Amino acid sequence: MTTIIDGNAVAEEIRSGLTDAIDALDDAGVKPGLATVLMSDDPASETYVAMKQRDCEEVGIEAFDHHLDSDTPADELYSLVDDLNEDDDVHGILVQMPVPDHVDDRTVLRRIDPAKDVDGFHPENVGRLVAGDARFKPCTPHGIQKLLASVDVETEGADVVVVGRSDIVGKPMANLLIQKAAGGNATVTVCHSRTKDLAAKTRQADIVIAAVGVPELVTGDMLSEDTVVIDVGVNRVDADNEKGYELVGDVEFDSAKEKASAITPVPGGVGPMTRAMLLWNTVKAAAEAEDVDIDLP
Ligand SMILES: Nc1nc(=O)c2c([nH]1)NC[C@@H]1CN(c3ccc(C(=O)N[C@@H](CCC(=O)O)C(=O)O)cc3)C=[N+]21
């Protein structure tokens, strides 16, 4: 029997655990605040940001929403970030990626106060994570750690293959997994577009984490029996339905399910966890900024 890992259910548990921490903040007169900045008219980005705002409302985080037209001069984005850095009601800042080509994303990420960098993308926070002293774990890798724990999958001593080397998923995921400090203790192989024989690598894995953004790249024949499969892909592919698209992962679900001992679906797997861990980081940021002791789920 293959376990289908229910990301919506685990995310709901995280959110309900967070409400205790948010109550404790409330007792101290603190309401956590998250500012989202969307500089794009891409419908997928708009959907994600809208979902994040709804999540905030549900748990009692104040959402401050900023939408800039995609032709706004870069300086206006930078000065908005400066203002948010100065705003004491804002504990977390998320600039939705990707930003338009005329904006340098590295400049934006460096501009965010590292103490408010709830994505964990600022170089100071990347450095701390690599050094084994993470302040904010990036939301997707952190969510994947929680998903694995929810089904009692141990990473210690496991052979893990991470497919994808992005700054926001592959690299931080691999880093957390090799670390003793972060509870990983796994043997990690990071694969990417120049990997010679991907299937040979994935076939020797106990856990495969697919985060490349290529629809259904990982298929069942590339997996051994009883592999744990985590699918990070959220690819919109054209479909004959009223939306005009459907969401497809980086894993071919039906064939992979036949081999896997546990697998995350798309949608309803990693995506909801990414959003839940954003709330988690925001609550942590608020507690640290306001010097309140809380327990996090
Ligand atoms: N600064 C920044 N931080 C991010 O964390 C960030 C970003 N930029 N840019 C884009 C990616 C993508 N991302 C997703 C989060 C949740 C879902 C999610 O909740 N997906 C739902 C379905 C969503 C739908 O229905 O379209 C699911 O998988 O069940 C998807 C994708 C965060 N990202």
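Just follow the structure's listing: the first ligand is 1, and inside any ligand the first atom is 1. Note that the structure is a prediction, hence the values are computed from the model and not measured. Along the sequence shown, residues carry numbers from 1.
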Enumerate donor-acceptor pairs with a distance under 3.5 Å from any side-chain N or O in residues 22-32 to protein atoms, sequence neighbours excluded.
none

Query raised in the report: Is there a donor-acceptor contact under 3.5 Å linking the side chains of Asp41 and Ser70?
Result: yes
Query raised in the report: Can you list every salt bridge (charged side-chain N to carboxylate O under 4.0 Å, His left out) pair that touches residues 97-125, not counting sequence neighbours?
Result: Asp82-Arg111, Glu124-Arg135
Pairwise, report which nitrogen or oxygen atoms of ligand 1 are under 3.5 angstrom from protein nitrogen or oxygen atoms, and how far apart they are.
| from | atom 1 | to | atom 2 | distance (Å) |
| --- | --- | --- | --- | --- |
| ligand 1 | 1 (N) | Val95 | O | 2.8 |
| ligand 1 | 1 (N) | Asp119 | OD2 | 2.7 |
| ligand 1 | 3 (N) | Asp119 | OD1 | 3.0 |
| ligand 1 | 8 (N) | Met97 | N | 3.0 |
| ligand 1 | 9 (N) | Gln96 | NE2 | 3.1 |
| ligand 1 | 9 (N) | Met97 | O | 2.8 |
| ligand 1 | 19 (O) | Gly271 | O | 3.4 |
| ligand 1 | 19 (O) | Arg275 | NH1 | 2.7 |
| ligand 1 | 29 (O) | Gly268 | N | 2.6 |

Report summary line: d(Glu76 CD, Leu80 CG) to nearest 0.5 Å is 9.0 Å
**Report entry** Modelled atom types, side-chain donor and acceptor of Thr219 and Asp221, under 3.5 Å
**Finding:** yes
Donor-acceptor list for residues 268-276 side chains, cut-off 3.5 Å, not counting sequence neighbours:
| from | atom 1 | to | atom 2 | distance (Å) |
| --- | --- | --- | --- | --- |
| Thr274 | OG1 | Thr140 | OG1 | 2.9 |
| Thr274 | OG1 | Val270 | O | 3.3 |
| Arg275 | NE | Asp55 | OD2 | 2.9 |
| Arg275 | NH2 | Asp55 | OD1 | 3.3 |

